[in-house]
Amino acid sequence: AVKEALALFGEADYCLGMRLHSLIFAAVQEVPMLGIAYDPKVEEFLRQLGLEELAIPLPNATGQPLDGELLTRYLELLEKEGDRLTAQAREKLEEMAVRLGRATQHMGELMRGSSMLY
C-alpha cells in the first residue's frame with residue numbers, strides 16, 4: 001500500500017497536505033507541497049525542510065473557513081518557486097537520511113556492545 005501511495009504522489013503536480021504523511025510522501029517524490037498547519041508537527045516538518053513559508057495557518061477554532069485569497073497566494077508561490085523549493089527539500093531530506101544512517105549505525109554499535117540478550 002505504501003508503494004502504491006508513493007507512486008500516486010509521484011504523479012502529482014502539487015500536494016496540498018494537512019496530514020504529515022502526505023507531506024512526507026510528497027517530499028520523497030519531489031512534489032512541490034503546501035502544508036495546512038493543523039498540528040505543530042506539520043509546521044515542524046516543513047521547517048526541517050527549510051520550507052516554513054509553505055505552512056498555511058488554520059483560522060482559529062471559530063469555524064471560519066480557510067481564506068481563499070490566502071490559499072491562492074500560496075499556490076501562486078508554489079507555481080512560481082516550485083523547482084527551487086523542491087530542490088531545497090531534496091537537499092534537506094538527504095541531510096536527514098545521513099543523520100538517520102549515523103544514528104542507526106550508532107544504535108547497532110551500542111546493541112552489539114551490550115551484554116543484554118534480546
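Positions are given from 1 along the sequence. Hydrogens, waters and symmetry mates are skipped; everything else that's a heavy atom, side chains included, is used.
For the atom pair CD of Glu53 and CG of Leu78, the computed distance is 10.0 Å after rounding to the nearest 0.5 Å. Considering CG of Leu93 and CD of Glu30, their distance stands at 8.5 Å, rounded to 0.5 Å. Considering NZ of Lys41 and CG of Leu20, their distance stands at 6.0 Å, rounded to 0.5 Å. Between Glu76 atom CD and Leu71 atom CG the span is 10.0 Å, to the nearest 0.5 Å. Between the CG atom of Leu85 and the CE atom of Met33 there is a distance of 9.0 Å, given to the nearest 0.5 Å.
Counting only heavy atoms from C-beta outward, the side chains of Lys92 and Gln48 never approach each other to under 4.5 Å. Annotation: side chain of Phe25 is not in contact with side chain of Leu8 (no heavy-atom distance under 4.5 Å). Residues Arg19 and Tyr38 meet the side-chain proximity criterion, which asks for heavy atoms closer than 4.5 Å. Taking 4.5 Å as the limit, some side-chain heavy atom of Leu16 sits within range of a side-chain heavy atom of Ile56. Side-chain contact between Tyr14 and Leu34 is absent, with no heavy-atom pair separated by less than 4.5 Å.
Of all non-hydrogen atoms in Leu66 and Pro57, the two that sit nearest each other are CD1-O, 3.8 Å. Between Ala26 and Phe9, the closest heavy-atom pair is N-CD2, 3.8 Å. Heavy-atom minimum distance, Leu49 versus Ala27: CD1-CB, 4.1 Å.
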Query raised in the report: Would Asp13 and Val31 count as a side-chain contact (heavy atoms from CB on, under 4.5 Å) if you check the C-alpha gap in whole Å, the side-chain angles of each, and the deciding distance to 0.1 Å?
Result: CA-CA 6 Å; Asp13 293 325; Val31 172; over 6 Å; no
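Among Asp39, Leu23, Val42, Ile36, the single residue meeting the side-chain contact (heavy atoms from CB on, under 4.5 Å) criterion with Met18 is Ile36.
For Gln88 (side chain) and Gly50 (main-chain N/O), a donor-acceptor pair under 3.5 Å exists by modelled atom type. In this structure, the side chain of Thr86 does not engage the main chain of Asp83 through any donor-acceptor pair within 3.5 Å.
Using a 4.0 Å cut-off between charged side-chain N and carboxylate O, Arg47 and Glu44 make a salt bridge. Between Arg84 and Glu81, at least one side-chain N (NZ, or NE/NH1/NH2) sits under 4.0 Å from a carboxylate O, which counts as a salt bridge.
For Arg102, the side chain to side chain contact (heavy atoms under 4.5 Å, CB included) partners at least two apart in sequence or on another chain are Val98.
The hydrophobic cluster containing Val2 also contains Phe45, counting ILVMFWY residues as joined when their side-chain heavy atoms lie under 4.5 angstrom apart, directly or transitively.
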